[in-house]
There are 2 protein chains.
Amino acid sequence: MKITMKDIAKEAGVSVATVSHVINGTKRISEEKEKRIWETIKKYNYVPDARAKQLRLQKTKTAALVVSSLPDSYVTGFVNAVGMRARELGYHLLFVNTNENLEHEKETIHLLSSHMVDGIILSPSQSDISYLQTYIDQHLPIVLVNRYDPKITNIPRVVADDFQAGYDATIHLLQHGHKHIGVIYGVPNVSTTNQRIEGYKTALQEHGVPFNEHYLEMGYATVEGGYNAVKTLLNRHQEITALFVLNDAMTIGALKGIHSLLLKCPDDIALIGFGDFEAASVTDPPITNIYLPPDTIGRTAFDILINRINNPNYCKSVSLPTSLIIRKSCGC
Amino acid sequence: MKITMKDIAKEAGVSVATVSHVINGTKRISEEKEKRIWETIKKYNYVPDARAKQLRLQKTKTAALVVSSLPDSYVTGFVNAVGMRARELGYHLLFVNTNENLEHEKETIHLLSSHMVDGIILSPSQSDISYLQTYIDQHLPIVLVNRYDPKITNIPRVVADDFQAGYDATIHLLQHGHKHIGVIYGVPNVSTTNQRIEGYKTALQEHGVPFNEHYLEMGYATVEGGYNAVKTLLNRHQEITALFVLNDAMTIGALKGIHSLLLKCPDDIALIGFGDFEAASVTDPPITNIYLPPDTIGRTAFDILINRINNPNYCKSVSLPTSLIIRKSCGC
DNA sequence: TTGTACGCGTTATCAC
DNA sequence: GTGATAACGCGTACAA
């Protein structure tokens, strides 16, 4: 049931006008009443209805950004796919990039929960998404993409089969005779990273290769971050002959790093990336990648969201297969 | 002045209920009245207020997409910059990708004009944006980015100095002794393409090199498109020794094409791109590019939009400088 | 502090 | 069958 300012006012034993003033700080209200009102607001996790506010104030505090095309790459492709599907189904899309910042993400979800949108597709910044439970209880339709918390099962999600992908990549490197395989990742404690590393471990184990946790190197999920991570890792472990990098930007940085160390790829160091980007076929050498299907993920996520909007109990989760695109960076 | 359903009803001599039924097709209304109502709607370019509708119907037909990061590349970087600035100023951002489709763009602007947003940053699909005049007359705040119509001066814009960029790129190639320089572009009749080509022509002229219009090759603005365009162009004009490609995706495709023709870059064909992408430093060879500053363009566009929102007469236009990033694809 | 008109469409109800 | 009247959705801000 949706809770309005009227409900808050009744519960706190004041008028809606008073509640409004407290929320907006537009007038001094007595200490105790103000406190009681805030408590009631917290209790019900109340957020003023954005539309009513906009209608009254005659402004939306929303700007539109319209562009005529988006070049490809995983997240971009994904954003694009969601946009296309949204359009096909007569929906608009409000877009927010939280820049891997949890606070920003929490604020965003809170804001959006003000009936600003019918539902949310969320690619979380971390795996700890327990804060979402409140909104789920309030029947705010949410679909998780890419990352999720395995312990939370009442939120639908669409993700890639990261375990299998990590496994496949590792097997590919093992088949080329590599025994010392480094892994470079950007974001810790998220299901994507964890699952890919699990797949990596499993593949190693099946081939009787011991797992060395020092072969796991974290860095910022940027070109620069990948560059630094590679240099650190290879300087410390000269026995490493292959690298598995978990995202596009770091893959580019890793290749830069390999070049700067005057190493030959794939002769000295084999490289396999995750995500796949347009330029991967023209790099020196062309990079073998695990391909993530942004289009399928995006469209599926939107379709699931619509189902969830129409039926609050709908809770299907999907895990999509990835594929290995073989180029030259592993010595094939 | 904002026009409401009440105004339409009065003008057409009917009640608001009738107007609503006509718009939504929820009831049979007599031929003549329906016709009269539609005419009035067209006359005033009336669009029902999205917020009032949403408030009444308790749904927004809007979904949110929240992602935790966007990898870089020009448009992506630009989108990201606008998003950051919007957040800093307490705005939300509705995002639409029109996929270079003019009809889609027109529909979008029309929809957004329903007070759905306070203002619009538009990267048009074509230079013919005369259809915007109606909205400008209605004081819908719009800022143009990247592309514009030189004839329309009452819409603020922020663009790169495309003429100078085209000039700089060409001069760079001329200085390396190239006389037969091909140009590959994706979108015809837009200011970006036109201006860059103007710069190219001017540079040629200053160096006494004749302009050959057959050196201009158009293709789809994709990797595939760049690939095909290069093959077509180089097969037809074997004397060409340098290529200037006007966007990232086609630049990647062009390099692919050069490889597939078994030509050496830069020895056989020099290459200079436009936009610059992360992987450009690790391609074979690393690609010299004209760099467009997405961050500055995005933030500036948003700031101008805010000014326009606060003052309908504000109409500053900005042209930002580009820079040449020298790598190896020109033989430096 | 609070009652209440208002912003703008939608739709159930009622009148012709 | 056609069309108008009016209540409603939810905050805001002025008058009391």
All N/O donor-acceptor pairs, side-chain side in residues 144-151 of chain B, below 3.5 Å, sequence neighbours left out:
from   : atom 1 : to     : atom 2 : distance (Å)
B:N146 : OD1    : B:Y74  : OH     : 2.7
B:N146 : ND2    : B:S123 : OG     : 3.4
B:R147 : NH1    : A:S68  : OG     : 3.4
B:R147 : NH1    : B:E100 : OE1    : 3.0
B:R147 : NH1    : B:P124 : O      : 2.9
B:R147 : NH1    : B:S125 : O      : 3.2
B:R147 : NH2    : B:E100 : OE2    : 3.2
B:D149 : OD1    : B:K151 : N      : 2.8

Minimum heavy-atom distance between A:H104 and A:N97, given as atom pair plus value:
NE2-O, 3.6 Å
Using a 4.0 Å cut-off to any heavy atom of chain A, which nucleotides of DNA chain D are the first and last in contact, reading 5' to 3'?
D:dC10 to D:dA15
I'd like to know whether CD of A:E32 has more than 12 heavy-atom contacts from other residues, nucleotides or ligands below 6.0 angstrom.
yes
Any donor and acceptor pair, going by atom type alone, linking the side chain of B:T193 with main-chain N or O of B:N189 inside 3.5 Å?
no
Using only atom types and a distance under 3.5 Å, with no angle test, would you say the side chain of A:D118 pairs donor to acceptor with the backbone of B:K61?
yes
Could you tell me whether the side chain of A:R157 and the main chain of A:S317 form a donor-acceptor pair under 3.5 Å?
no
Is the backbone N or O of B:N24 less than 3.5 Å from a side-chain atom of B:T26, with the two atoms forming a donor-acceptor pair by type?
no
Heavy-atom pair with the smallest gap, counting every atom of A:R308 and A:N154:
NH2-O, 3.3 Å
Apply side chain to side chain contact (heavy atoms under 4.5 Å, CB included) to the pair B:L122 and B:E105, showing each step before the final yes or no.
CA-CA 9 Å; B:L122 169 66; B:E105 177 181 315; 4.0 Å; yes
Given side chain to side chain contact (heavy atoms under 4.5 Å, CB included), test B:I306 with B:R85 step by step and report yes or no.
CA-CA 11 Å; B:I306 295 300; B:R85 193 70 188 126; over 6 Å; no
May I ask you to list the residues of residues 32-54 of chain B, by number, that have any heavy atom positioned under 4.0 Å from an atom of DNA chain C?
B:Y46, B:P48, B:D49, B:A52, B:K53
Where along residues 14-30 of chain B does a heavy atom come under 4.0 Å from DNA chain D, residue by residue in number order?
B:V14, B:S15, B:A17, B:T18, B:K27, B:R28, B:I29, B:S30
Can you check whether A:N99 reaches B:M84 side chain to side chain, under 4.5 Å on heavy atoms?
yes
Contact check, side chains of B:R51 and B:L55, non-hydrogen atoms, under 4.5 Å
no
Should the ring pair B:F95 and A:F95 be called parallel, tilted or perpendicular, given that the plane angle runs from 0 to 90° and is split at 30 and 60?
tilted
Does the pair B:V47 and B:L111 meet the rule for a side chain to side chain contact (heavy atoms under 4.5 Å, CB included), with working shown?
CA-CA 8 Å; B:V47 188; B:L111 227 43; 5.7 Å; no
Going 5' to 3' along DNA chain C, between which two nucleotides do contacts with chain A fall, using a heavy-atom cut-off of 4.0 Å?
C:dT1 to C:dC8
Steps toward side chain to side chain contact (heavy atoms under 4.5 Å, CB included) verdict (A:F302, A:V143)
CA-CA 8 Å; A:F302 200 88; A:V143 173; over 6 Å; no
Between the two ends of the helix from C:dT1-D:dA16 to C:dC16-D:dG1, what is the bend in degrees, rounded to 10 degrees, where each end axis spans five pairs?
60°
